[in-house]
Amino acid sequence: MAGSISNLGHNTAAKKNHSAGIRGIAKQSATSEARWIRWSLISIAMLFLALFLILPLVIVFTEAFAKGMGVYVAAITHPDAAAAIKLTLLAAAIAVPLNVVFGLAASWAIAKFQFKGKQIVITLIDLPFAVSPVVAGLIYMLLFGAQGLFGHWLMDHNVRIMFAVPGIVLATVFITFPFITRELIPLMQEQGKEQEEAAITLGANGWQMFFRVTLPSIKWALLYGIILCNARAMGEFGAVSVVSGKIRGQTNTMPLHIEILYNEYQFAAAFAVASLLALLALVTLVLKSALEWKAAREHEIAVLTAQAQ
Amino acid sequence: MSVLTSTDAVPHQQLQNKEPWVKKSVLPGFGLSFGYSTLYASLLVFIPLAALIVKSFGLPLDQLWDVVSNKRALASYRLTFGASFIGALINLIFGFILAWVLVRYKFPGKRIVDAVVDLPFALPTAVAGIALTALYAPNGWIGQWFALFGIKIAYTWIGVTIALTFIGLPFVVRTVQPVLADLEAEVEEAAASLGASRWQTFTRVLLPALLPSLLTGFALAFARAIGEYGSVVFISGNMPYRTEITPLLIMTKLEQFDYAGAAALGSVMLLFSFILLLLINLLQHWSHKRTGG
């Protein structure tokens, strides 16, 4: 950490984030802080980050390999672990596409049309973000559990939702519900509807317009939403823990498997499985940054071309 | 079903004659997209949430009141709200410093730091939970130093606060960062050339402009922390009256098949989530008005 702070002194201009480099250079020291203040603020920020983010990440991997490579490999290749990995992938593979279709449909209706009560609709879509994961699991339990509203009917017809894959998928869908709309609505509102209107006027049908005009212009934001949605779907714990029943090898997802191993004091094994999810988190962050960079570049190019015309 | 079939079958031109609340447009697909999203959202989110409220009123009122206001429930609220508040406050201060450093200063590794800030969004809560517990347990990397002074972190309210700080960390940074980056340099230059000290410029010019986004970030971190379960259950030790958060109390009631009790507590949490969500929306509205001005 110290190395990253030491060679900071020579740059006095308080530069803005990515825009207006010229303005940054022209800036006077009257609008920046003394060197020692800058130095201390950066140190405080890095220390906070190291303590709260880096150390937890480091300990996952050290604990995972604490008992050696053999224990690590055994933990992640154990049949129960393999079943948990499979179930986690399956739940995400169902939940994410469902929310993508919903996200596209809802964003289209909200961003491209004017209707009354739009703000309320947007707030309602965000509701699952504010609801506790445990409450999210609970609501499905109250509907489909043995004592739930449809419990008897489901039992009579031999349909299992709770303590089975459908329940896990439902809980995952609920938790990741707003991820896609969150990314798409602001972007689609900003883009306006002139391009789509032009496509329709020139004779394109609805799907042609969607696949040739709308989708290409939102693809990065959509991908961004999918990546975040997927990370949350694979890592969800609270909601899934209510509805899964935690049957080993059957209804255990990776986070639930970690909990069981941890509670059985198999720490190295718990951290070994956790390290896989930590890797997923790291990959997510890398992809996310790459997409942000790509989107910023495209935006820059679009602005430059607009200026050139 | 009726939502989908009625709007789906009718071409949008006719739909708009019937439904005056949507403005006329040449673009197609409003009926299909709005109908489908409404159906999907109702089935998966709104009807189940309504079932929760209905279920909690299945209890007689005096019992309902007892479930949500007995000593154990009150103790869980105190811990949940108290620890969430302190966690959000820590994030307000350090998140602001982080956002400031990331926007205003140049230092090596800045892009990596910027990316790492989102780790709590990407790292599953159960992983965060066991990692933080391992760090802050009495024999852990950090916990052992506090143990020397007889301070316990894991399995106390302090541990709960640390977990809630972790999961709320990105909110303040990510709400303040864009606002800070968009602030016009001219305002600060004007303040400086009119003789304001750097501190005066900060408190009288910058802080008022950043206040709405700071409060929004605080409220988001607070709201996220209140519902949190995964990262807390490992580090809290889960002792009734002492380190039991409300979501865990709901879980306990479920495991005892006390569905009505769980629903009642769940409704209390849902009510608070809803109030917070409205508050956040108002704050964001205020923030947009300030910056969009």
Side-chain angles (χ1 to χ4, degrees), chain A residues 4 8 11 14-17 23 30-31 33 38 41-42 44-45 48 52-53 55-56 59-60 63 102 105-106 108-109 112-116 123 128 130-135 138-139 142-143 147 149 173 193 196-197 200 206 231 235 237-238 255 258-259 262 270 274 277-278 281 284-285 289, chain B residues 21-23 25-30 33-34 36-37 40 44 48-49 51-52 55 94 97-98 101 103-109 115-116 118-119 122-127 130-132 134-135 166 181 185 188-189 192 198 223 227 229-230 247 250-251 259 262-263 266 269-270 273 276-277 281:
Chain A
S4 62
L8 159 113
N11 193 312
K15 204 175 163 225
K16 288 203 168 191
N17 206 8
R23 190 197 279 155
T31 53
E33 289 75 43
R38 265 183 286 141
L41 284 177
I42 294 176
I44 292 170
F48 180 70
F52 274 90
L53 296 187
L55 271 184
I59 204 167
V60 170
E63 291 285 319
F102 162 74
W108 176 255
K112 305 280 172 173
F113 295 88
Q114 291 303 320
F115 58 90
K116 288 187 192 124
T123 307
V131 172
S132 171
V134 173
V135 174
L138 170 68
I139 58 175
L142 295 175
L143 284 178
Q147 299 179 24
L149 218 53
V173 164
K193 45 191 178 185
E196 279 94 351
E197 279 169 354
I200 293 296
F237 178 73
I258 293 172
E259 185 196 21
Y262 189 86
L277 286 174
T284 302
L285 288 184
S289 302
Chain B
W21 58 271
V22 55
K23 227 172 159 183
S25 166
V26 293
L27 295 182
F30 178 77
S33 60
F34 190 83
Y36 175 74
S37 352
Y40 181 84
L44 285 164
L49 281 175
L52 172 75
K55 180 77 184 181
F94 290 96
I97 296 176
L98 252 171
V101 164
V103 173
R104 294 285 170 116
Y105 304 151
K106 244 184 131 177
F107 54 94
V116 164
D118 282 326
L119 183 71
L123 193 71
T125 53
V127 178
I130 61 170
L132 289 171
L135 280 177
F166 173 86
E188 277 171 76
E189 281 158 12
R198 191 64 195 140
Y229 174 76
I250 296 176
M251 205 69 140
Y259 288 81
M269 294 211 70
L270 185 64
S273 310
L276 274 171
L277 198 62
N281 269 319

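Chain letters run A, B, ... following the sequence lines, proteins first, then strands; residues in each count from 1.
- Of the atoms belonging to A:Leu143, it is side-chain heavy atoms, and not backbone ones, that fall under 4.5 Å from chain B.
- Ranked by heavy-atom pairs under 4.5 Å with chain B, the first of A:Ala270, A:Pro128, A:Ala274, A:Ala231 is A:Ala274.
- Contact detail for A:Ala130 and B:Leu277: the closest heavy-atom pair is CB-CD1, 4.0 Å.
- Comparing B:Ala115, B:Gly230, B:Gly227, B:Ala262 by heavy-atom pairs within less than 4.5 Å of chain A, the highest count is held by B:Gly227.
- The choice from B:Asn281, B:Thr125, B:Leu270 that makes the most heavy-atom pairs within less than 4.5 Å of chain A is B:Asn281.
- Rounded to the nearest 0.5 angstrom, B:Arg104 CZ and A:Arg38 CZ are separated by 12.5 Å.
- In this structure, the separation between CZ on A:Phe48 and CG on B:Leu98 is 7.0 Å, given to the nearest 0.5 Å.
- In this structure, CD1 on A:Ile59 lies 9.0 Å from CG on B:Leu132, to the nearest 0.5 angstrom.
- Both the backbone and the side chain of A:Leu53 have a heavy atom closer than 4.5 Å to some heavy atom of chain B.
- Shown here are the side chain to side chain contact (heavy atoms under 4.5 Å, CB included) partners of A:Leu285, two or more places apart in sequence or in another chain: B:Asp118, B:Leu119, B:Ala122.
- Interface residue A:Leu41: backbone and side-chain heavy atoms are both found under 4.5 Å from chain B.
- Contact count against chain B (heavy-atom pairs under 4.5 Å) is highest for A:Thr123 among A:Ile44, A:Thr123, A:Val60.
- In this structure, the portions of A:Pro56 lying under 4.5 Å from any heavy atom of chain B include both its backbone and its side chain.
- Residues B:Leu123 and A:Ala278 approach most closely at CD1-CA, 3.7 Å, considering heavy atoms.
- Of all the heavy atoms in A:Ala105 and B:Ser37, the pair that sits closest is C-OG, 3.7 Å.
- In this view, A:Glu63 satisfies the salt bridge (charged side-chain N to carboxylate O under 4.0 Å, His left out) rule with no residue, not counting sequence neighbours.
- Only the side chain of A:Thr284 comes within contact range of chain B, with heavy atoms under 4.5 Å apart.
- Taking CG of A:Leu55 as the start and CG of B:Leu135 as the end, the distance is 5.5 Å to the nearest 0.5 Å.
- Aromatic ring centres of B:Tyr40 and A:Phe102 lie closer together than 6.0 Å.
- Among all heavy-atom pairs drawn from B:Met251 and A:Gly238, the shortest one is CE-O, 4.2 Å.
- The minimum heavy-atom distance between A:Glu33 and B:Arg198, with the atom names listed, is OE2-NE, 2.6 Å.
- Within the 6.0 Å centre-distance limit, the rings of B:Phe34 and A:Phe115 are counted as a close aromatic pair.
- Two residues are said to be in side-chain contact when any heavy atoms from C-beta on lie closer than 4.5 Å; A:Phe237 and B:Val127 fail this criterion.
- For chain A, the nearby parts of B:Ile130 are the backbone and the side chain; heavy atoms of each come within less than 4.5 Å.
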Exercise for review: Go through the steps for A:Trp108 and B:Leu27 under the test side chain to side chain contact (heavy atoms under 4.5 Å, CB included), then give the verdict.
Suggested key: CA-CA 10 Å; A:Trp108 176 255; B:Leu27 295 182; 4.1 Å; yes
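- Ranking B:Gly266, B:Pro48, B:Ala51, B:Ala263 against chain A, the residue ahead of the rest is B:Pro48, based on heavy-atom pairs under 4.5 Å.
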Review point. Given B:Phe30 and A:Lys112, is the side chain to side chain contact (heavy atoms under 4.5 Å, CB included) satisfied, shown in steps?
Key: CA-CA 9 Å; B:Phe30 178 77; A:Lys112 305 280 172 173; over 6 Å; no
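- Under the 4.5 Å side-chain criterion, counting only non-hydrogen atoms from C-beta, B:Leu52 is in contact with A:Val135.
- Note that the CG atom of A:Leu138 and the OH atom of B:Tyr259 stand 9.5 Å from one another [nearest 0.5 Å].
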